[in-house]
Colleague: 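Got a structure here, written out as structure tokens. Questions coming.
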Amino acid sequence: MSIKKLLNIRIKAAMTEAGVAEVFSPIISESSRPEFGDFQANGVMAAAKEMGSNPRQLALNILDKINLEGIANKIEIAGPGFINIFLSNEFLNKTLQRLVSEKSLGVLKPKPQKIVIDYSSPNLAKEMHVGHLRSTIIGDAVSRTLEFLGHNIVRQNHMGDWGTQFGMLIAELEDQQNTKDQNKFLLSDLEKFYQQSKEHFDTDINFANKAREYVVKLQSGDENCLKLWKKFIDISIAHSESIYLNLNVTLKPSDIKPESFYNNDLKGILVDLENQNLAKEDQGAKVVFLDELADKNGTPSPVIIEKSGGGFLYATTDLAALRYRNNILKPDRILYFIDVRQSLHMKQIFILAKKAGFVDKKVSLEHHAFGTMMDKSGKPFKTRSGGTVKLNNLLKEATEKAFKLVTDKNPNLSKKEVSVISKKLGIGAVKYADLSKNRSNDYIFDWDSMLSFEGNTSPYLQYAYTRIYSIFEKTSFGSEDIKGDLQISTNEERKLALVLLYFGETLEQVAAQGYPHILCSYLFNLASSYMVFYEHCPILKKDIPPTIKMSRLILSKTTSQILKKGLNLLGIEVMEKM
């Protein structure tokens with residue numbers, strides 16, 4: 001149990017005993033200044049107002065009934081009714097000792113849930129670009145965190161591999177195979193292939209007609225079209241897999257459930273919606289009108305299920321995916337990491353899926369939206385020529401910049417060492433710069449700030465880990481030898497101990513809210529607290545008593561373990577030298 005939860009239970013009991021109504025609870029927060037203690041309990045003023053009593057007097061009554069024996073060595077009233085709590089060193093020693101000895105890092109595993117997480121989901125018609133970065137790494141960080149907490153995670157990579165553009169691509173692929181003009185462009189260069197086929201489509205009416213014809217053939221299961229389509233899809237997926245490997249993302253080929261997987265269920269979705277009188281014909285199309293999302297004039301929100309020409313849309317496929325996930329995977333939660341521009345679409349799908357009975361009422365449907373990556377001028381991130389930045393090129397540039405940085409800072413490293421370190425540093429910098437921002441907002445992409453060794457950056461945290469590791473190398477102790485009793489006494493030790501104890505609570509927040517930046521803020525606070533501790537609490541000096549030295553080594557070891565685990569949950573690797 002976290003310290004906040006423990007304090008909440010004890011103070012809540014005291015409030016009840018003091019006659020405060022059950023609806024009022026203490027609000028426990030970390031104190032902003034050391035003179036106010038370690039924690040502060042608020043909530044008394046609201047209760048006093050409701051009771052018509054003096055808040056300070058009510059706080060005194062509550063204080064008289066609080067039982068924090070063995071937890072706090074001082075409790076006091078501040079202002080009109082704040083309760084300041086000063087934890088005892090003995091309690092901190094005992095609590096942190098338990099964290100260290102159990103090797104759980106203070107993480108309590110909740111009741112396991114089955115959670116489906118939909119993320120990344122690129123269209124296979126083009127190379128992955130920067131627009132795919134946020135869904136991929138935010139979804140992966142949350143997946144890793146939930147998995148670490150003991151939940152059963154089912155990753156779903158809903159790749160776009162179906163639709164009109166594939167008729168165009170199949171026709172182009174067939175033309176290439178017929179002419180055997182392999183020098184014109186290579187299929188492995190997905191972007192050029194797509195652009196060439198699009199130009200062919202726009203300028204050649206016969207090619208365009210053939211492409212449209214192939215869409216119908218593909219959807220009807222034509223053997224030759226399916227064969228060509230499969231060849232294109234296999235190469236496209238191989239490209240995506242190389243990106244995931246480079247990004248250190250946990251998605252595997254077995255996680256792919258593309259649009260085509262649900263093709264056979266689309267007609268059934270329409271029939272079920274019609275049978276329930278939800279889908280109606282409107283101007284030749286089949287549409288569901290949702291009163292739940294009506295505009296200010298009372299006009300219902302339309303969801304097109306089938307176009308007037310007979311084709312199905314994303315909404316139909318998404319409903320089929322939800323029905324599959326509900327009926328076959330049987331989850332407790334379904335999380336979607338899709339950008340904020342799809343918010344209305346996701347609301348429509350969630351409401352309609354529940355309304356039609358495609359998803360059980362008890363299943364939590366969650367859209368975890370995110371903003372856009374922007375350049376320094378505040379515009380969407382593009383190449384200098386205005387084109388879309390390929391994700392592969394971005395990661396390559398990150399590694400190259402990190403290579404120069406590492407070489408300049410440590411010229412004694414071998415080329416092989418620099419190569420390994422620069423990849424971890426560069427890729428980590430790109431990921432952390434994104435993950436450390438509140439995903440709901442747009443953010444500015446800035447090479448200088450993300451590769452800085454100062455501030456809330458991945459290089460700063462990776463360096464903090466390396467610095468701690470260097471301390472261990474200067475001792476005669478192996479990792480398993482660093483053990484014993486903690487002796488926390490200085491303010492810097494207390495601060496570090498408290499931050500270490502917040503790790504489990506931090507992961508609970510990330511798991512509940514899907515915000516990786518909460519973990520990033522925690523890790524930055526941990527690294528910063530450790531640096532202050534290191535400056536004020538000598539470890540390796542000869543005059544340090546052995547028991548104090550060992551206690552501080554335990555604090556250092558635990559800090560390094562949590563830094564490593566926290567960065568691992570973000571998909572960022574650490575290194576022992578930089």
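This one's a predicted model, so the numbers in the text were calculated from it and none came from an experiment.
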Colleague: Looking only at side-chain N and O atoms, does Asn157 offer a donor or acceptor that is under 3.5 Å from a partner on Tyr244?
Modeller: yes
Colleague: For a side-chain contact (heavy atoms from CB on, under 4.5 Å) check, start with the C-alpha distance between Leu501 and Leu92, then their side-chain angles and the critical distance, and finish with the verdict.
Modeller: CA-CA 9 Å; Leu501 290 169; Leu92 279 177; 3.9 Å; yes
Colleague: Which heavy atom of Ser143 sits nearest to which heavy atom of Tyr119, and what is that distance?
Modeller: OG-CE2, 3.4 Å
Colleague: When you look at CD of Glu69, are more than 12 heavy atoms from neighbouring residues, nucleotides or ligands closer to it than 6.0 Å?
Modeller: no
Colleague: Do Leu405 and Lys401 make a side-chain contact, defined as non-hydrogen atoms from C-beta onward lying under 4.5 Å apart?
Modeller: no
Colleague: Give the minimum heavy-atom separation between Ala47 and Val20, together with the two atoms involved.
Modeller: CB-CG1, 3.7 Å
Colleague: Counting C-beta onward and ignoring hydrogens, is there a side-chain heavy-atom pair between Met450 and Phe445 closer than 4.5 Å?
Modeller: yes
Colleague: Where do Met550 and Asp481 come nearest, in terms of heavy atoms and distance?
Modeller: CE-O, 3.8 Å
Colleague: Please report the shortest heavy-atom distance between Asn248 and Glu573, naming the atom on each side.
Modeller: ND2-CG, 3.8 Å
Colleague: Check whether any side-chain N or O of Asn246 sits under 3.5 Å from a backbone N or O of Ser242 as a donor-acceptor pair, and report yes or no.
Modeller: no
Colleague: Do Thr475 and Leu553 come within less than 4.5 Å of each other through their side chains, counting heavy atoms only?
Modeller: yes
Colleague: With sequence neighbours excluded, tell me which residues meet ring-ring contact (aromatic ring centres under 6.0 Å, His included) with Tyr515.
Modeller: His517
Colleague: Who are the salt bridge (Lys or Arg N to Asp or Glu O under 4.0 Å) partners of Asp339, not counting sequence neighbours?
Modeller: Arg341
Colleague: Quick one: salt bridge (Lys or Arg N to Asp or Glu O under 4.0 Å) partners of Glu505, sequence neighbours excluded?
Modeller: Lys4
Colleague: Rounded to the nearest 0.5 Å, what separates atom CD1 in Ile27 from atom CE in Met45?
Modeller: 9.0 Å
Colleague: Check step by step if side-chain contact (heavy atoms from CB on, under 4.5 Å) holds for Leu569 and Leu507.
Modeller: CA-CA 10 Å; Leu569 295 178; Leu507 296 189; 3.8 Å; yes
Colleague: Measure the spacing between CG of Leu555 and CD of Glu492 and express it to the nearest 0.5 Å.
Modeller: 12.0 Å
Colleague: In Å, rounded to the nearest 0.5 Å, how long is the span from NZ of Lys12 to CD1 of Ile66?
Modeller: 13.0 Å
Colleague: Give a yes or no on whether a salt bridge exists between Glu508 and Lys5, defined as a side-chain N under 4.0 angstrom from a carboxylate O.
Modeller: yes
Colleague: Mind checking what makes side-chain contact (heavy atoms from CB on, under 4.5 Å) contact with Pro253, not counting sequence neighbours?
Modeller: Glu241
Colleague: Do Glu493 and Thr490 have side-chain atoms, one donor and one acceptor, less than 3.5 Å apart?
Modeller: yes
Colleague: Does the side chain of Ser121 pick up a donor-acceptor pair with the side chain of Asp118 at under 3.5 Å?
Modeller: yes
Colleague: Below 6.0 angstrom between ring centroids: does that apply to Phe337 and His368?
Modeller: yes
Colleague: Ignoring hydrogens, what is the shortest heavy-atom contact between Leu63 and Ile75? Give both atom names and the distance.
Modeller: CD1-CG2, 3.0 Å
Colleague: Do Asp140 side-chain atoms and Val249 backbone N/O form a donor-acceptor pair below 3.5 Å?
Modeller: no
Colleague: Which pair of non-hydrogen atoms, one from Pro112 and one from Gly150, has the smallest distance, and what is that distance?
Modeller: CB-O, 3.5 Å
Colleague: For Ile488, does its backbone N or O pair with a side-chain atom of Asn93 as donor and acceptor, under 3.5 Å?
Modeller: yes
Colleague: Would you say Lys65 has more than 12 foreign heavy atoms packed within less than 6.0 Å of its NZ?
Modeller: yes
Colleague: Less than 4.5 Å apart, any side-chain heavy atom of Phe503 and any of Leu519?
Modeller: yes
Colleague: Apply side-chain contact (heavy atoms from CB on, under 4.5 Å) to residues Leu498 and Leu96 and explain how you reach the verdict.
Modeller: CA-CA 8 Å; Leu498 279 168; Leu96 190 58; over 6 Å; no
Colleague: Could you check whether any side-chain heavy atom of Met128 comes within less than 4.5 Å of a side-chain heavy atom of Thr136, counting everything from C-beta outward?
Modeller: yes
Colleague: Would a distance-only check, ignoring hydrogens and angles, find a side-chain to backbone donor-acceptor pair under 3.5 Å from Arg325 to Ile334?
Modeller: no
Colleague: Counting N and O atoms only, with roles assigned by atom type, does the side chain of Arg333 sit under 3.5 Å from a partner on the main chain of Val116, one being a donor and the other an acceptor?
Modeller: no
Colleague: Indicate whether any N or O donor in one side chain lies under 3.5 Å from an N or O acceptor in the other, for Glu454 and Ser452.
Modeller: no
Colleague: Going by salt bridge (Lys or Arg N to Asp or Glu O under 4.0 Å), name the residues that satisfy it together with Lys114, two or more places apart in sequence or in a different chain.
Modeller: none
Colleague: Under 3.5 Å, is there a donor-acceptor pair between the side chain of Arg134 and the main chain of Met373?
Modeller: no
Colleague: Would you say the side chain of Leu570 lies within less than 4.5 Å of the side chain of Leu523, judging by non-hydrogen atoms?
Modeller: yes
Colleague: Is there a side-chain contact between Val154 and Ile115 (heavy atoms, below 4.5 Å)?
Modeller: no
Colleague: How many angstroms lie between OG1 in Thr457 and OH in Tyr463, if you round to the nearest 0.5 Å?
Modeller: 12.5 Å
Colleague: Is Ser135 reaching over with its side chain to a backbone N or O of Ser120, donor-acceptor style, under 3.5 angstrom?
Modeller: yes
Colleague: Determine whether Phe370 and Val340 satisfy the following criterion, side-chain contact (heavy atoms from CB on, under 4.5 Å), listing intermediate values before the conclusion.
Modeller: CA-CA 5 Å; Phe370 53 84; Val340 70; over 6 Å; no
Colleague: Taking atom CD of Glu400 as the centre, does the number of heavy atoms from other residues, nucleotides or ligands within less than 6.0 Å exceed 12?
Modeller: yes
Colleague: According to salt bridge (charged side-chain N to carboxylate O under 4.0 Å, His left out), does anything in residues 536-549 pair up with another residue at least two apart or in another chain? List the pairs.
Modeller: none
Colleague: Can you see whether Tyr432 has Lys437 sitting over its ring - NZ or CZ less than 6.0 Å from the centre and within 45° of the normal?
Modeller: no
Colleague: Any donor-acceptor pair under 3.5 Å linking the side chain of Ser556 with the backbone of Ile468?
Modeller: no
Colleague: Taking the six-membered ring for Trp, is the centroid-to-centroid distance between Tyr522 and Tyr502 below 6.0 Å?
Modeller: no
Colleague: Report the distance from atom CD of Glu417 to atom NZ of Lys577, rounding to the nearest 0.5 Å.
Modeller: 4.0 Å
Colleague: Using a 4.5 Å cut-off on heavy atoms from C-beta on, say whether the side chain of Lys109 contacts that of His151.
Modeller: no
Colleague: Using the ring pair (Phe, Tyr, Trp, His ring centres under 6.0 Å) rule, pick out the option among Tyr530, Phe524, Phe453 that qualifies with Tyr460.
Modeller: Phe524
Colleague: Check for a donor-acceptor pair, side chain of Lys330 on one end and backbone N or O of Asn327 on the other, with a separation under 3.5 Å.
Modeller: yes
Colleague: Please check if the side chain of Asp442 supplies one atom and the backbone of Thr372 the other of a donor-acceptor pair under 3.5 Å.
Modeller: yes
Colleague: Show your working on salt bridge (Lys or Arg N to Asp or Glu O under 4.0 Å) between Asp38 and Arg494 and close with a plain yes or no.
Modeller: CA-CA 9 Å; Asp38 299 303; Arg494 286 176 57 85; 2.5 Å; yes
Colleague: Are a donor atom and an acceptor atom from the side chains of Thr250 and Arg155 found within less than 3.5 Å of each other?
Modeller: yes
Colleague: Less than 6.0 angstrom separating the ring centers of Tyr336 and Phe350, yes or no?
Modeller: yes
Colleague: Can you tell me how far apart CG (Leu146) and CG (Asn152) are? Round to the nearest 0.5 Å.
Modeller: 11.0 Å
